[in-house]
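Here the structure comes first, spelled out in structure tokens, and everything after it is commentary.
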Amino acid sequence: MERCYRLQKNRAFQYVYRKGHSCACRNLVLLLAPGREKKVGFSVSKKVGNAVTRNKVKRRLRECFRPHLGDVKNGLYVIVARPAAAEATFDTLRKDVAYLLKKQQAFLHEQGTEGNRAR
RNA sequence: CGAGGUGAACAGACGAUCGCGUGCCUGAUGGCAUGAGGAAAGUCCGGGCACCACAGGGCAAGGGUGCCGGCUAACGGCCGGUGGAGGCGACUCCAAGGAGAGUGCAACAGAAAUAAACCGCUGCUUUCGGGCAGUAAGGAUGGAAAGGCGAGGUAAGAGCUCACCCGGGAACCAGGUAACUGAUUCCUGCUGUAAACCCCACCCGGUGCAAGAUGCAAUGGAGGCAAGACGGCGGCCCGCCGCGUUCUCCGCAAUCGCUUGAGCCGUGCGGUAACGCACGGCCUGGAUAGAUGAUCGUCCAGUACAGAACCCGGCUUAUGGUCACGCUCGCUCC
RNA sequence: GGCUCCGUUGUCUAGAGGCCUAGGACGCGGCCCUCUCAAGGCUGAAACACGGGUUCGAAUCCCGUCGGAGCUG
């Protein structure tokens with residue numbers, strides 16, 4: 001995922017936490033705030049595990065979100081990993097991300113199935 | 001075969017597809033190269049580097065280290081020895097100066113804790129209850145009770161005397177660079193604790209890359225100070241300097257710092273070793289919400305602990321299986 | 001990333017080498033009182049973060065782990 005799609009500043013994260021609308025499942029929390037640009041941030045706290053585990057969860061989440069990057073509408077997305085995400089497999093996380101995005105009605109077209117889109 | 005001891009290297013490999021950071025090339029799509037660790041960790045030490053302070057000096061405080069020699073940029077690290085402790089052994093561990101400079105403390109128990117008379121023993125005396133004197137051989141306590149044992153000696157005893165043993169100190173001799181070891185003579189019998197204060201020897205300015213530098217915007221805002229005050233000086237003193245063109249504090253983002261370094265590999269030489277020297281070769285992360293993931297295939301089918309954030313040298317802690325030993329002990333067989 | 005500090009019953013704490021078999025308050029359990037509850041009285045359980053070392057003796061002193069706070073852009 002390229003740099004221009006990433007949510008970077010701490011102030012931007014605070015904005016999403018304050019203004020954003022959230023929904024959650026067992027492993028993840030997704031916050032969405034309206035914005036002109038399309039940016040995604042990932043937040044993995046120390047409760048999830050040590051540095052290796054946190055990095056691994058973050059990379060998997062980034063890989064899970066990547067196929068949906070062209071499908072979703074503009075806005076500021078923040079995905080928070082809950083402690084159970086450390087134990088989850090990649091397949092589980094991918095399904096969770098798709099479920100949460102659908103729940104937030106973030107998709108431009110009503111397709112919801114991953115993998116049949118071009119970048 | 002079992003139980004140990006010491007040491008060493010490795011940290012899954014290769015090949016596809018998509019994706020990420022950096023560098024180079026390209027007009028561009030893109031292409032090529034490269035991309036976490038032995039502990040990157042804890043932040044326990046030592047440095048480099050940067051800024052601040054510093055004419056210079058003295059005193060004091062605080063902190064650290066502590067057998068000897070060597071290595072190192074330096075170290076509280078490493079190597080080799082000495083001494084002590086543990087183990088049948090291979091071997092391992094040790095903050096290991098000074099208690100004869102001084103002060104403090106040693107609860108409880110015990111008569112008594114650095115100083116001695118509770119019981120006992122002996123002598124004298126007695127109003128027969130005891131009192132006085134001598135005595136550390138015996139008694140129970142305690143971590144520790146005034147060296148141990150034997151003989152002489154005595155009223156009873158006692159290093160009071162003697163022989164042997166144990167410990168300490170001094171002198172001298174031999175070996176060793178030294179710590180120290182061994183021998184002789186003389187003196188002596190002194191509790192422990194310095195990870196209690198302390199003494200001795202040596203070392204230490206402070207802050208830390210969020211250090212700091214550059215450029216852009218702004219040329220700002222707030223406050224102190226008209227004096228024997230304020231600042232440098234963040235402990236004190238001497239001394240020196242500055243002082244109205246003065247002093248202190250306060251902004252956002254970017255770039256640099258940012259990776260070639262006490263570097264790594266190989267060979268040879270010196271040294272018991274740590275290590276050093278010479279020659280040849282190599283370039284090997286630099287992110288800034290923070291780069292290594294996903295799906296497969298093959299192979300010992302099984303990957304533990306774990307993620308750089310300025311950089312090095314150590315220590316400590318976490319952890320997987322493997323190998324070597326002309327290392328040890330035990331059992332069995334030939 | 002850097003720096004500083006702290007770990008004692010369920011909670012807040014006292015302690016500063018031996019008085020500690022660790023004290024106090026709130027809380028908890030049991031009994032008494034009451035028609036019942038509260039209050040009150042009696043009583044009980046419950047802790048030195050962990051591992052080594054110094055010392056005759058460690059919650060205390062030293063070292064190392066683990067955990068938790070705070071400051072700093």
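To find a chain, count down the sequence lines: A is the first, B the second, and so on, and within it residues start at 1.
- Its glycosidic angle being within 90° of 0, B:rG38 falls on the syn side.
- Taking atom C1' on both B:rA73 and B:rG314, the two are 14 Å apart, rounded to the nearest angstrom.
- For the pairing with A:L30, the side chain to side chain contact (heavy atoms under 4.5 Å, CB included) check across A:L101, A:V97, A:V78, A:D96 returns one residue only, A:L101.
- Pair check for B:rG2 finds B:rC329; Watson-Crick or G-U wobble, both atom distances under 3.5 Å.
- Computed from coordinates, the A:I79 CD1 to B:rA289 P distance equals 18 Å when rounded to whole Å.
- A distance of about 44 Å separates the C1' atoms of B:rA90 and B:rU188, rounded to the whole Å.
- Look at B:rU284: its glycosidic torsion is within 90° of 0, and that puts it in the syn range.
- In this entry B:rA90 has no Watson-Crick or G-U wobble partner, no candidate having both defining distances under 3.5 Å.
- Of the residues near RNA chain B, A:S43 and A:D91, the one whose nearest nucleotide (by heavy atom distance) lies more toward the 5' end is A:S43.
- Classification of A:R60 and A:E63 as a salt-bridged pair fails, no side-chain N sitting under 4.0 Å from a carboxylate O.
- Remark: P of B:rG21 and NZ of A:K58 are 15 Å apart, rounded to the nearest angstrom.
- Close to B:rA294, at under 4.0 Å from its OP1 or OP2, lies a side-chain N or O of A:R60.
- Separation of the P atoms belonging to B:rA178 and B:rG70 is 12 Å when rounded to the nearest angstrom.
- Rounding to the nearest 0.5 angstrom, the gap separating the OG1 atom in A:T89 from the NZ atom in A:K95 is 8.0 Å.
- Pair assignment for B:rU292 gives none, since no Watson-Crick or G-U wobble pairing has each distance under 3.5 Å.
- Here the separation of B:rG326 from B:rG169, taken at their P atoms, is 47 Å to the nearest Å.
- Separating the C1' atom of B:rC312 from that of B:rA222 is a span of 45 Å, rounded to the nearest Å.
- Regarding the sugar-base torsion, B:rA226 falls in the anti class, its angle being beyond 90° of 0.
- Between B:rG313 and B:rG270, the two C1' atoms lie 25 Å apart (nearest whole Å).
- Atom-to-atom, OH of A:Y77 to C1' of B:rA289 comes out at 19 Å; the value is rounded to the nearest Å.
- B:rG189 sits 15 Å from B:rC160 when the C1' atoms are compared, rounded to a whole Å.
- Of the side-chain N and O atoms in A:R59, one or more sit less than 4.0 angstrom from OP1 or OP2 of B:rU292.
- Listed by chain and residue number, A:Y77, A:Q104 satisfy the side chain to side chain contact (heavy atoms under 4.5 Å, CB included) test with A:L32 (two or more places apart in sequence, or in another chain).
- A 3.5 Å limit on both hydrogen-bonding distances identifies B:rG182 as the Watson-Crick or G-U partner of B:rC173.
- The nearest whole Å value for the distance from the CG atom in A:N55 to the C1' atom in B:rA40 is 13 Å.
- Taking SG of A:C64 as the reference point, atom CG of A:L93 lies at 5.0 Å (rounded to 0.5 Å).
- Distance A:L61 CG to B:rG19 C1': 15 Å, rounded to the nearest Å.
- As rounded to whole Å, 16 Å separates atom P of B:rU288 from atom CZ of A:F42.
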*Stepwise side chain to side chain contact (heavy atoms under 4.5 Å, CB included) check, A:L28 with A:L61*: CA-CA 10 Å; A:L28 303 172; A:L61 288 177; 3.8 Å; yes

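- In this structure, B:rG131 shows a glycosidic angle more than 90 degrees from zero, which is the anti conformation.
- For the C1' atoms, the distance from B:rU295 to B:rA3 is 49 Å, rounded to whole Å.
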Please tabulate, for side-chain N and O atoms in residues 51-58 of chain A, each donor-acceptor pair with protein atoms closer than 3.5 Å (sequence neighbours left out).
unit_1 : atom_1 : unit_2 : atom_2 : d
A:T53  : OG1    : A:N50  : OD1    : 2.8
A:R54  : NE     : A:G49  : O      : 3.2
A:R54  : NE     : A:N50  : O      : 3.3

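- With both pairing distances under 3.5 Å, B:rC299 is matched to B:rG12 as a Watson-Crick or G-U wobble pair.
- Base pairing of B:rU154 is not made with any nucleotide, judged by Watson-Crick or G-U wobble geometry with both donor-acceptor distances under 3.5 Å.
- Comparing A:V52 and A:K56, the nucleotide of RNA chain B nearest to each residue sits closer to the 5' end for A:K56.
- The nearest whole Å value for the distance from the CD atom in A:E63 to the P atom in B:rU17 is 16 Å.
- In this structure, B:rC236 forms a base pair with B:rG58, meeting either the Watson-Crick or the G-U wobble geometry with both donor-acceptor distances under 3.5 Å.
- Between A:F90 atom CZ and B:rU295 atom P there is a gap of 6 Å when expressed in whole angstrom units.
- B:rG235 has its base anti relative to the sugar, with a glycosidic angle deviating from 0 by more than 90°.
- Taking a pair to require two hydrogen-bonding distances under 3.5 Å in either a Watson-Crick or a G-U wobble arrangement, C:rA69 pairs with C:rU4.
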